[in-house]
2 protein chains.
Amino acid sequence: MLDRIGSGEWPPLHRIPSEHKLMATFGVSRMTVHTALSELARDGVLTRVKGLGTFVAPPRSHMTIVRVSDPAEDIRQRGAQYACDVVVAMKRRGSAAELASFNLPDGSALFHLVAVHRENGAPVALEDRLVNPAAAPDFLEQDFTSTTAFAFLMALSPYPEGRHVIRAVEATERLRTLLALQPGEPCLEIERTTWTPDRVVTVVRLFHPAMRFELVGAIEPR
Amino acid sequence: MLDRIGSGEWPPLHRIPSEHKLMATFGVSRMTVHTALSELARDGVLTRVKGLGTFVAPPRSHMTIVRVSDPAEDIRQRGAQYACDVVVAMKRRGSAAELASFNLPDGSALFHLVAVHRENGAPVALEDRLVNPAAAPDFLEQDFTSTTAFAFLMALSPYPEGRHVIRAVEATERLRTLLALQPGEPCLEIERTTWTPDRVVTVVRLFHPAMRFELVGAIEPR
DNA sequence: AAGTGGTCTAGACCACTCA
DNA sequence: GAGTGGTCTAGACCACTTC
C-alpha cells in the first residue's frame with residue numbers, strides 16, 4: 001500500500017479500497033488488513049473515517065522531533081568527560097511571574113538552581129532552574145555534581161508532560177562569563193516547563209553557546 | 001494498565017504480566033490484550049521483547065515535537081498579512097559542498113532561491129534554498145510571491161523524509177540588512193534537508209530574527 | 001521444554017455515513 | 001439499507017528467550 005501511495009497511484013486525498021476489498025486483493029483476513037491500515041493511519045499516512053472510508057492523508061507539514069535529554073547523559077554518550085559547577089542552589093521567594101507559571105500563590109517559596117555543565121572542561125550549557133518544592137521537597141540536599149537535577153526530577157516524576165520554547169538570544173554579560181563565549185556569540189535557549197497531573201514540577205532554561213551546540217531532529221510523519 | 005503505571009504499582013522497568021495472564025485478569029481475548037499492549041509500546045510506555053516479556057519503559061528522555069511548516073501558512077493563520085520579496089532566483093553551478101549534500105556529481109547545476117518572508121511588513125524569515133533541478137525542473141518559473149517554495153515542493157514530493165538542525169547564529173551584515181535586525185540581535189537558524197526515496201529534493205536554511213521568532217513544542221511520549 | 005510476544009484467521013456485532 | 005471502519009473472540013502457528 002505504501003508503494004501505491006509513493007508511486008502516486010493513490011494520490012493525496014484519494015479514497016482507497018475498503019477493508020473488504022483489500023481482503024480480497026491481498027488474500028488476507030480482515031483483521032490483518034485492519035491492523036495494517038490502523039498502523040498507517042497512526043503514522044499519519046492515512047486518514048480513516050468510520051462509515052465513510054479510508055483516505056490518503058493530505059501532504060503533511062513537517063514535524064521535527066527533537067530529543068532533549070539530560071545534558072550529562074548526552075555528553076557521556078559522546079565519550080566526553082562531564083563536569084558540573086553549581087553556581088546557585090537556594091530556596092527563595094518566587095517573583096509574581098515565576099509563581100504564575102507554577103500556579104502557586106503569591107509569596108510561595110521556590111528552589112532555584114543555576115549550574116554550568118561542562119564537556120571536557122568547556123562549558124556547553126547554563127542551566128537556570130526553578131523547582132516546585134511540593135514536587136521535590138529535598139531537592140536542595142542533592143549533590144548536583146554527581147546527579148543532575150534532570151535525572152533527580154525524572155526519577156521523582158518519570159512521565160511528565162511539558163512544553164518547550166526554543167529561541168536564539170543575545171548573550172548577557174553573565175552568560176558571556178559563565179559560558180566563556182566568544183565576543184558577539186549568541187546562545188540557543190531552550191525553555192522547558194514540565195508538569196505531572198498534580199502540579200507544575202519545574203521550569204528550566206538551558207542556555208547553550210551557539211558555536212558549540214545544535215539541535216538535530218528527523219522530519220517525521222504524523 | 002496506564003493507571004497501574006501512573007500510580008507506581010508498576011514502576012519503570014517492571015515486568016508486567018504476560019498476555020495470557022492479562023487475558024485472565026481483564027477477561028478479554030488475547031488479541032485484545034495484544035492490541036492494547038502493542039499500542040502502549042508504540043507510544044513508548046512499554047517495551048516488549050519477544051520471548052522475554054513486556055516491561056514498563058524506562059523514564060523517557062524528553063522529546064519535543066516541533067511543527068515546521070510553510071512560513072506563509074503560519075503567518076496567515078495568525079491573521080497577519082503575508083508578503084514575500086524574492087532576492088535571488090537563479091540556476092547556477094553548485095559548489096563542491098553543496099553538491100555533496102545532494103549526492104550530485106561535480107559541476108551539476110542547482111536552483112538557488114533567496115527570499116524574505118514578511119509578517120505585516122516586518123521581515124520574519126530569510127529563506128536560503130537550494131533545489132535539485134531533477135526534483136522540480138520548472139522551479140524557477142514559479143511566482144514565489146504567490147506560492148511559496150515550500151508549498152510548491154510539497155505538492156511535488158508530498159511525503160518527504162528529512163532532517164533538521166536548529167542553531168543560534170550571530171547575524172551577518174547581510175542578515176542584519178535583509179531582516180532589519182536590531183544591533184547585536186542574533187538569528188535562529190533552521191536548516192532542513194528533505195529527500196524522497198529517489199533523491200535529495202531541497203536544502204533550505206531559514207534565518208529568523210531572535211526577537212520576533214521562537215519555536216514552540218510539546219513534550220510527548222514515544 | 002516452557003513461556004514469551006508476533007502474526008494470522010474466520011467469523012461476529014456495533015456505530016457511523018450516505019443516499 | 002448498504003457500506004464503512006471499530007472492536008472483539010477463540011483459536012492457531014511461529015520465532016525467540018531462558019532454563
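As the structure is a computational prediction, the values presented were derived from the model and not from experiment.
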Enquirer: Which whole-number value in Å describes the distance from B:L22 CG to C:dT4 P?
Expert: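 Those two atoms, CG and P, are 10 Å apart.
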Enquirer: Side chain of A:E19 only, please: which of D:dG5, C:dG11, D:dT4 is the nearest?
Expert: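 So the side chain of A:E19 is nearest to D:dG5.
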Enquirer: Tell me: NZ of B:K50 to P of C:dG5, nearest whole Å?
Expert: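 Rounded to the whole Å, the gap is 12 Å.
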Enquirer: With DNA chain D as reference, determine whether B:M31 or B:E39 sits nearer its 5' end, using the nearest nucleotide of each.
Expert: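 Upstream on the strand: B:E39.
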Enquirer: Salt-bridged, B:R163 to B:E191, with N to O below 4.0 Å?
Expert: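 No, B:R163 and B:E191 are not salt-bridged.
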Enquirer: Please determine, for the side chain of A:R30, which listed nucleotide (C:dG6, D:dG5, D:dT9) has the closest atom?
Expert: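 When the side chain of A:R30 is considered, D:dG5 is the closest of C:dG6, D:dG5, D:dT9.
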Enquirer: For B:V28 and for A:G51, locate the closest nucleotide of DNA chain D by heavy-atom distance; then report the residue assigned to the nucleotide nearer the 5' terminus.
Expert: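 Going by which nucleotide is closer to the 5' end, it is A:G51.
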Enquirer: For D:dT7, take OP1 and OP2 only and decide whether either is under 4.0 Å from a side-chain N or O of B:T32.
Expert: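 So the side chain of B:T32 is outside the cut-off, no N or O lying under 4.0 Å from OP1 or OP2 of D:dT7.
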Enquirer: Can you name the closest pair of heavy atoms from B:A89 and B:L113 and give their distance?
Expert: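 Closest heavy-atom pair between B:A89 and B:L113: CB-CD1, 4.1 Å.
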Enquirer: Could you state the NE2-C1' distance from B:H20 to D:dA10, rounded to the nearest angstrom?
Expert: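 Atom-to-atom, B:H20 to D:dA10, this comes out as 11 Å.
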Enquirer: Hey, does A:T54 reach any base, or is it just sugar-phosphate, or nothing, if we go heavy atoms under 4.0 Å?
Expert: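 Since only primed, P, OP1 and OP2 atoms lie under 4.0 Å of A:T54, the category is sugar-phosphate.
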Enquirer: State whether A:S18 places a side-chain N or O below 4.0 Å from either non-bridging phosphate oxygen (OP1 or OP2) of D:dT4.
Expert: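 It does, given that an N or O in the side chain of A:S18 lies less than 4.0 Å from OP1 or OP2 of D:dT4.
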Enquirer: Just checking A:H34: base, sugar-phosphate only, or nothing, at a heavy-atom cut-off of under 4.0 Å?
Expert: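 Base, at least one base heavy atom under 4.0 Å.
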Enquirer: Can we say B:R205 and B:E127 salt-bridge, meaning some charged N sits less than 4.0 Å from an Asp/Glu carboxylate O?
Expert: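 So B:R205 does not pair with B:E127 through a salt bridge.
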Enquirer: Rounded to whole angstrom units, what separation is found between the CZ atom of A:R15 and the P atom of C:dC18?
Expert: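 From A:R15 CZ to C:dC18 P: 10 Å.
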Enquirer: Is B:E119 salt-bridged to B:R212, cutoff N-O under 4.0 Å?
Expert: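 Salt bridge: no.
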Enquirer: For the pair A:F152 and A:F139, name the ring-plane relationship: parallel under 30°, tilted 30 to 60°, perpendicular over 60°.
Expert: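 Rings of A:F152 and A:F139: tilted, as their planes differ by 30° to 60°.
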Enquirer: OP1 or OP2 of C:dT4 less than 4.0 angstrom from a side-chain nitrogen or oxygen of B:K21, does that happen here?
Expert: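 Checking B:K21 against C:dT4: at least one side-chain N or O falls below 4.0 Å of OP1 or OP2.
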Enquirer: Let me spell it out: for each of A:G27 and A:L52, pick the nucleotide of DNA chain C with the closest heavy atom. Which residue's pick is nearer the 5' end?
Expert: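 Comparing both residues, the 5'-ward one is A:G27.
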Enquirer: In whole angstrom, give the distance that lies between atom CZ of B:R42 and atom C1' of C:dT7.
Expert: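 Checked: the CZ to C1' distance equals 15 Å.
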Enquirer: Which one, D:dG6, C:dT4, D:dT4, comes nearest to the side chain of A:R48?
Expert: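 Of all the options, the side chain of A:R48 is nearest to D:dG6.
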Enquirer: Atom CG of A:L40 to atom P of D:dG6: distance rounded to whole Å?
Expert: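 Interatomic distance, CG of A:L40 to P of D:dG6: 13 Å.
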